[in-house]
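Written out below as structure tokens is the structure these notes cover.
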Amino acid sequence: MIDLALLRRDPAAVRAALARRGVDPSDVDALMELDAEHRIRLQYAEELRSEVKGLSRQVAAARKSGDTALAEELQLKSRSLGHDERRANAEAETVADEVRRELLVLPNLPDEEAPDGTSEADNVEVTRWWPGIEDGHDAPEYADFQRVAHWDIGESLGILDFERGARLSGSMFPLFTGWGSRLLRALSAYSLDQHVGVYTEVRPPTLVLTEAMTASGHLPKFVDEAYAVERDGLWAIPTAEVPLTSMHRGETLVESALPLRYCATTPCFRREAGSAGKDTRGLLRVHEFDKTELFAYCTSAQAPGVVADIRGRGEAVLRAFGLQYRVLDLCVGDLGLQNARTFDLEVFAPGVDRWLEVSSVSWYRDYQARRANVRYRPTDGGSPVVAHTVNGSVLGWVRVFAALIETHRQADGSVVVPEVLVRYVGTDRIETKD
RNA sequence: GGAGGGAUGCGAGAGUGGCCGAAUCGGACGGUCUCGAAAACCGUUGUACCUUCUGGGUACCGUGGGUUCGAAUCCCACUCCCUCCGCCA
């Protein structure tokens, strides 16, 4: 959520920043009015409370001096005042709830440098890479044998089994078998090894409390996107970002420990409720997929550097795999609710002839950390400051898997394993079993 | 799942209805002393919110309710931690 103090101090700036991403200025004004009303009611309730406390002290004094009659008179007075106070407090609390509710769904202020625009068509491509580009080679021409969709490759090599996956969990739950399972495991193992020493590896729980989902911004707005284990009040995480954001929920960190960096590979669960019927084939869009996430709590000054670092790590992995990719600077209209700035990494999958989003590197400013109440104490000794959070996928493995087997498919139908992955996979080539 | 014990400020730990936002000790920070340091002594040391702001007020003693003129203290529910038993990868 955004900073209410900022809204009070400079409403025009907040209105303008949010207008860039299509928020109606009157929504902002409505919130300000609610906030003003809350403060008036709060003040009134607190005054009453103060009087009750004063009377109570007088009761104590009267009893001490043995003046029972006076004490009882004061008690009576205080009792009725207490009723008023209770009511005033409840009223103030009701308004406070409304403010909170509005604040939770109000999007983050976009970074000034995020490009203008209203839809994904306005995203700005900032980088494109393919093998050999450094030596002046043109973009690759893909051979016919690379123009085979991964679901066909997967079937012929016996590494993907969508039919049996559906038997287990319904459609859009892929089943990786044999070398496929091995390759998938290799992808995240390789990636995690690249970040050792800089990002602390974590294996968090994948079922989390409502508080964790709210802190990262996935609730309340995206309830329909999440799988819920209602009986136990738990949610299946849509990304490791959720547990990583809440790891330090409610803590006050020390500035010298920042940036505090973590990486984690977890399964990610998404209902894809809004996209029923779209991209249902193969691995393009699935309900459960493995993803490696990099995450950092940092200061506002450190944030841009961390964004660049995570993005660079994502790009490095794609380059090591020899996959063509591009980086998009998301326009304000395509930015996620919580994000101030986002770079998407898209890998090219020649078999399906599409760019696949495999990473989103986002800077949240203090929007998530305020919800999660993660602050740090500045080295110079001032009061605690709300931290900034940055995260990005490195990478979403199921889609990388698709692009990889399509790109590296050979004329004989086998798939060559990228050099860096050979020791993780245990073979340099995946061939038909027989 | 069963039985018992516990949760208080940075840490340890007192407080069982009325100046308790909280004793005491320790830590940290500042100062006195010293050539310097140690020791000793003195002082400071939570967070959030409201405000008519050199000030005033409110909340917070695991969480949420309740009793009371008044709750860290009494009552109820829940959560987490520890010990033991059962079950289990």
Side-chain angles (χ1 to χ4, degrees), chain A residues 1-9 11 31-104 203-215 229-235 243 246-257 260 267 366-367 369-387:
Chain A
M1 65 184 106
I2 65 160
D3 187 3
L4 251 187
L6 173 70
L7 177 61
R8 287 175 199 154
R9 203 180 330 119
L31 177 59
M32 283 190 71
E33 276 170 39
L34 266 182
D35 175 49
E37 186 188 342
H38 169 241
R39 280 187 289 170
I40 289 167
R41 289 181 185 275
L42 179 66
Q43 208 182 326
Y44 177 59
E46 285 186 353
E47 266 167 36
L48 290 176
R49 178 78 185 140
S50 179
E51 283 181 51
V52 169
K53 284 180 77 169
L55 285 173
S56 293
R57 263 190 291 268
Q58 290 178 43
V59 171
R63 288 216 180 277
K64 211 172 209 171
S65 65
D67 192 344
T68 315
L70 178 63
E72 277 171 10
E73 189 193 325
L74 289 168
Q75 276 177 223
L76 225 59
K77 209 166 146 193
S78 180
R79 190 178 307 168
S80 81
L81 213 55
H83 286 304
D84 296 345
E85 183 258 328
R86 233 172 263 222
R87 184 155 17 86
N89 225 326
E91 283 169 3
E93 205 39 52
T94 304
V95 182
D97 275 340
E98 283 175 56
V99 171
R100 253 190 300 273
R101 226 182 355 255
E102 293 300 316
L103 209 51
L104 278 179
R203 180 34 256 243
T206 47
L207 295 180
V208 299
L209 299 169
T210 301
E211 288 87 329
M213 289 288 277
T214 306
V229 186
E230 278 181 55
R231 180 177 158 142
D232 298 291
L234 294 169
W235 303 81
S246 276
M247 251 176 82
H248 292 281
R249 181 150 42 91
E251 291 185 30
T252 302
L253 310 166
V254 290
E255 183 174 357
S256 58
L260 199 54
D366 56 5
Y367 189 89
R370 180 169 293 107
R371 286 173 171 237
N373 192 23
V374 177
R375 297 172 300 161
Y376 65 88
R377 191 173 292 283
T379 308
D380 62 27
S383 8
V385 178
V386 179

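What you see is a predicted model; the values in this text were computed from it and never measured. Residue numbers begin at 1 in each chain, while the letters A, B, ... track the order of the sequences.
The same atom, P, is picked in B:rC80 and in B:rC29; the two are 38 Å apart, to the nearest Å. Taking atom P on both B:rA38 and B:rA28, the two are 11 Å apart, rounded to the nearest angstrom. Taking the C1' atoms as reference points, B:rG9 lies 13 Å from B:rA23, given to the whole Å. Spacing between B:rC10 and B:rG5 at atom C1', rounded to whole Å, works out to 26 Å. Comparing B:rU45 with B:rG21, their C1' atoms sit 14 Å apart, to the nearest whole Å. Between B:rU24 and B:rC42, the two P atoms lie 12 Å apart (nearest whole Å). Nucleotides B:rG6 and B:rG62, compared at atom C1', are 11 Å apart to the nearest Å. Taking the C1' atom of each, B:rG46 and B:rC61 are spaced 12 Å apart, rounded to whole Å.
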A:Leu253/A:Arg377 under side-chain contact (heavy atoms from CB on, under 4.5 Å): CA gap, chis, key distance, verdict
CA-CA 6 Å; A:Leu253 310 166; A:Arg377 191 173 292 283; over 6 Å; no
Going through the checks in order, is the side-chain contact (heavy atoms from CB on, under 4.5 Å) test met by A:Leu34 and A:Glu102?
CA-CA 9 Å; A:Leu34 266 182; A:Glu102 293 300 316; 4.1 Å; yes
Yes or no on side-chain contact (heavy atoms from CB on, under 4.5 Å) for A:Val229 and A:Leu207, after CA distance, side-chain angles and deciding distance?
CA-CA 8 Å; A:Val229 186; A:Leu207 295 180; 4.0 Å; yes
May I have the step-by-step check of side-chain contact (heavy atoms from CB on, under 4.5 Å) for A:Tyr376 and A:Val254, ending in yes or no?
CA-CA 5 Å; A:Tyr376 65 88; A:Val254 290; over 6 Å; no
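Residues passing the side-chain hydrogen bond (donor to acceptor under 3.5 Å, both in side chains) test with A:Thr94, sequence neighbours excluded: none. Taking A:Thr206 as the reference, nothing meets the side-chain hydrogen bond (donor to acceptor under 3.5 Å, both in side chains) condition, with sequence neighbours excluded.
Under the Watson-Crick or G-U wobble criterion, with both distances below 3.5 Å, B:rA77 is paired with B:rU63. Applying the Watson-Crick and G-U wobble criteria (two distances, each under 3.5 Å), B:rG70 pairs with nothing in any strand. Across all strands shown, nothing is found opposite B:rC53 as a Watson-Crick or G-U wobble partner with both distances under 3.5 Å. In this structure B:rG21 sits in no base pair that meets the Watson-Crick or G-U test at under 3.5 Å. Nucleotide B:rU34 has no partner under the Watson-Crick or G-U criteria, as no pair reaches both atom distances under 3.5 Å. With a 3.5 Å ceiling on both atom-pair distances, the Watson-Crick or G-U wobble partner of B:rG27 is B:rU45. Across all strands shown, B:rA39 remains unpaired; no Watson-Crick or G-U wobble contact has both distances below 3.5 Å. Pairing partner, B:rC84: B:rG2, with both Watson-Crick or wobble hydrogen-bond distances short of 3.5 Å.
The separation between A:Asp97 atom CG and B:rG64 atom P is 13 Å, rounded to whole Å. A:Glu211 places its CD atom 12 Å from the C1' atom of B:rG64, with the value rounded to the nearest Å.
Electrostatic pairing of A:Asp97 and A:Arg101 does not count as a salt bridge here, judged by no charged N lying under 4.0 Å from a carboxylate O. A salt bridge between A:Arg100 and A:Glu93 is present, with a side-chain N of the basic residue lying under 4.0 Å from a carboxylate O of the acidic one.
Taking for each of A:Glu51 and A:Glu47 the nucleotide of RNA chain B with the nearest heavy atom, the 5'-most of the two is the partner of A:Glu47.
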Could you pull out all donor-acceptor pairs under 3.5 Å where a side-chain atom in residues 82-91 of chain A meets a protein atom, sequence neighbours excluded?
| unit_1 | atom_1 | unit_2 | atom_2 | d |
| --- | --- | --- | --- | --- |
| A:Asp84 | OD1 | A:Arg87 | NH2 | 3.3 |
| A:Glu85 | OE2 | A:Asn89 | ND2 | 3.0 |
| A:Glu91 | OE1 | A:Arg41 | NH1 | 3.1 |

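No donor-acceptor pair under 3.5 Å is formed between the side chain of A:Asp366 and the backbone N or O of A:Ala369.
Side-chain contact between A:Thr214 and A:Leu209 is absent, with no heavy-atom pair separated by less than 4.5 Å. When side chains are defined from C-beta on, A:Pro11 counts as touching A:Met32, because their heavy atoms get closer than 4.5 Å.
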Whether each nucleotide of nucleotides 45-50 of chain B has a protein heavy atom under 4.0 Å at its base (B), only at its sugar-phosphate (S) or at neither (-) is summarised, 5' to 3', as --SSSS
Summarise how protein sits on nucleotides 65-71 of chain B as a single string, 5' to 3': B when a protein heavy atom is under 4.0 Å from the base, S for sugar-phosphate-only contact, - for no contact.
--SBBSS
Nucleotides 74-77 of chain B: which of its N/O atoms have a protein N/O under 3.5 Å away?
none

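In this model, a donor atom of one side chain and an acceptor atom of the other lie less than 3.5 Å apart for A:Gln75 and A:Arg63.
Between A:Lys53 and B:rA59, a side-chain N or O to OP1/OP2 separation shorter than 4.0 Å is present.
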